[in-house]
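Presented below is the structure to which this report refers.
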Amino acid sequence: MLNNQLIALLPDLASFILVVNEGSFTAAAKQLGVTPSALSKLITRLEGALSVKLFERTTRKLIITQAGQKIYEQSLVMVNAANQAIEIAASDHTEASGDLTIAAPEAFLNSVLQPLVVPFIQQHPNISLKLRALDGNFDLIKEGIDIGFKLTDTPDEHLVLKEIARTNLVLCASPGYLNERGLPEHPSDLTHHDCLYLGETQTDNRWSFINSEESLTVTVSGKYAVNHSQMRLSGVKSGLGIGIFHDFVVKDALSSGDVIQVLPEWVIESNYHGAIAMQYAQTRYLPARLRTFIDFVSEHLTEN
């Protein structure tokens with residue numbers, strides 16, 4: 001049941017979320033159109049009402065406390081519910097319109113979703129698409145994302161899941177490189193080859209393989225590392241070495257013969273293979289623009 005104290009806290013909690021998201025009173029105050037000191041007093045008032053300390057304040061940084069983090073997560077649920085209330089008001093419109101934010105790993109965004117962008121916008125000119133390349137795990141609600149695509153067998157269990165396909169990793173090289181350097185017959189042979197890897201972490205040059213008889217991890221090296229799939233593929237096509245790619249990235253290159261699959265009898269293990277999961281927040285009232293995009297992607301990508 002709503003009471004006066006709870007009603008008074010709601011706008012302060014919303015302001016608290018903005019401070020956390022922006023990382024400072026100054027940036028959040030600018031968004032709200034108030035002074036940083038006024039916003040600081042608001043947070044102090046909220047701390048008093050909740051009897052907890054929300055931030056550790058230093059001259060250089062604003063650090064959220066453990067209690068503040070828990071309150072922030074619960075407050076996000078509140079804001080999401082408020083957003084849904086707004087969406088309900090617009091859900092009766094028969095024509096899909098408005099902004100739609102889509103996030104996906106860079107390789108999937110570039111190779112799979114990008115070709116669908118122009119046809120979608122041409123068919124639905126009243127929808128404005130905002131696409132973001134996000135690799136790894138990301139929080140849809142916190143990041144303000146309507147639909148997220150993840151390449152994983154462990155999707156977010158709190159979100160609606162629609163599996164649109166599956167993906168595996170493929171090891172490949174150009175015919176010219178293999179003619180010069182030879183075809184690897186075992187993953188351990190890769191230590192004698194130039195390999196192209198992401199170069200994001202100290203361990204992403206450690207490639208893990210498994211087949212019906214054994215599993216092993218090989219530390220590879222090479223003259224070129226880049227965390228952009230198309231640039232890495234261009235390097236492989238140019239004969240710079242052997243690279244790992246999602247199957248949807250190298251599908252055309254394999255068909256044309258620009259690259260050749262290496263060690264096809266081995267499975268490459270990674271956190272970024274398995275299901276291609278399309279996920280979005282649970283709601284009984286799906287906005288027309290969201291439903292339109294989901295149906296469009298399902299029609300063009302879902303495997304039968």
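Just the heavy atoms: all of them, side chains too, but no hydrogens, waters or symmetry mates, feed the values below.
Leu240 pairs by the side-chain contact (heavy atoms from CB on, under 4.5 Å) definition with Leu196, Tyr224, not counting sequence neighbours. Applying the side-chain hydrogen bond (donor to acceptor under 3.5 Å, both in side chains) criterion to Thr26, with sequence neighbours excluded, gives no partner residue. Listed by chain and residue number, Ile210 satisfy the side-chain contact (heavy atoms from CB on, under 4.5 Å) test with Val267 (two or more places apart in sequence, or in another chain). Listed by chain and number, the residues in a side-chain contact (heavy atoms from CB on, under 4.5 Å) with Val112 are Phe108, Phe248, Leu301 (sequence neighbours excluded). Residues forming a side-chain contact (heavy atoms from CB on, under 4.5 Å) with Ala27 (at least two apart in sequence, or on another chain): Glu22, Ser24. By the salt bridge (charged side-chain N to carboxylate O under 4.0 Å, His left out) test, Asp12 pairs with Arg45, sequence neighbours left out.
The heavy-atom pair separating Ser298 from Ile294 by the smallest distance is OG-O, 2.7 Å. Nearest heavy-atom pair across Ser208 and Thr217 is OG-OG1, 2.9 Å.
A distance-only check finds no donor-acceptor pair linking the side chain of Gln279 to the backbone of Gly148 [under 3.5 Å]. Counting only distance, with no hydrogens or angles, the side chain of Thr65 and the backbone of Leu54 share a donor-acceptor pair below 3.5 Å. One N or O on the side chain of Thr292 and one on the backbone of Ala288 form a donor-acceptor pair closer than 3.5 Å. Checking side-chain atoms of Asp146 against main-chain N and O of Thr101 turns up a donor-acceptor pair under 3.5 Å. Between the side chain of Thr167 and the backbone N or O of His246, no donor-acceptor pair lies under 3.5 Å.
Screening Ile244, Val236, Val220 for a side-chain contact (heavy atoms from CB on, under 4.5 Å) with Cys195, the sole residue that qualifies is Val220.
Between Phe16 and Phe55, the ring centre distance stays below 6.0 Å. Residues Tyr177 and His193 place their aromatic rings such that the two centres sit under 6.0 Å apart.
Classification of Glu106 and Arg232 as a salt-bridged pair fails, no side-chain N sitting under 4.0 Å from a carboxylate O.
Residue pairs meeting the salt bridge (charged side-chain N to carboxylate O under 4.0 Å, His left out) criterion with at least one member in residues 241-265: none, sequence neighbours excluded. For residues 188-207, every residue pair satisfying the salt bridge (charged side-chain N to carboxylate O under 4.0 Å, His left out) rule, not counting sequence neighbours, is listed here: Arg181-Asp194. Residue pairs meeting the salt bridge (charged side-chain N to carboxylate O under 4.0 Å, His left out) criterion with at least one partner in residues 66-82, sequence neighbours excluded, do not occur; the list is empty.
Through direct or indirect side-chain contacts shorter than 4.5 Å among Ile, Leu, Val, Met, Phe, Trp and Tyr, Ile145 is connected to Leu134, Phe138, Leu140, Leu159. Within the hydrophobic cluster formed by Ile, Leu, Val, Met, Phe, Trp and Tyr side chains joined at under 4.5 Å, directly or through other members, Val77 stands alone, with no partner residue. In the hydrophobic clustering, where aliphatic and aromatic side chains (Ile, Leu, Val, Met, Phe, Trp, Tyr) are joined below 4.5 Å either directly or transitively, Leu161 stands alone.
When the side chains of ILVMFWY residues are joined at heavy-atom separations under 4.5 Å, either directly or via intervening members, Leu18 and Leu9 end up in a single hydrophobic cluster. The same ILVMFWY cluster, assembled from side-chain heavy atoms under 4.5 Å apart, contains both Ile260 and Leu169.
Under a cut-off of 6.0 angstrom, the local environment of CD in Glu180 is sparse, with at most 12 non-hydrogen atoms contributed by other residues, nucleotides or ligands.
Ring geometry for Phe296 against Phe120 counts as perpendicular: the plane angle is over 60°, on a 0 to 90° scale with 30° as the lower cut.
With rounding to the nearest 0.5 angstrom, the CG atom of Asp139 is 10.0 Å from the NE2 atom of His158.
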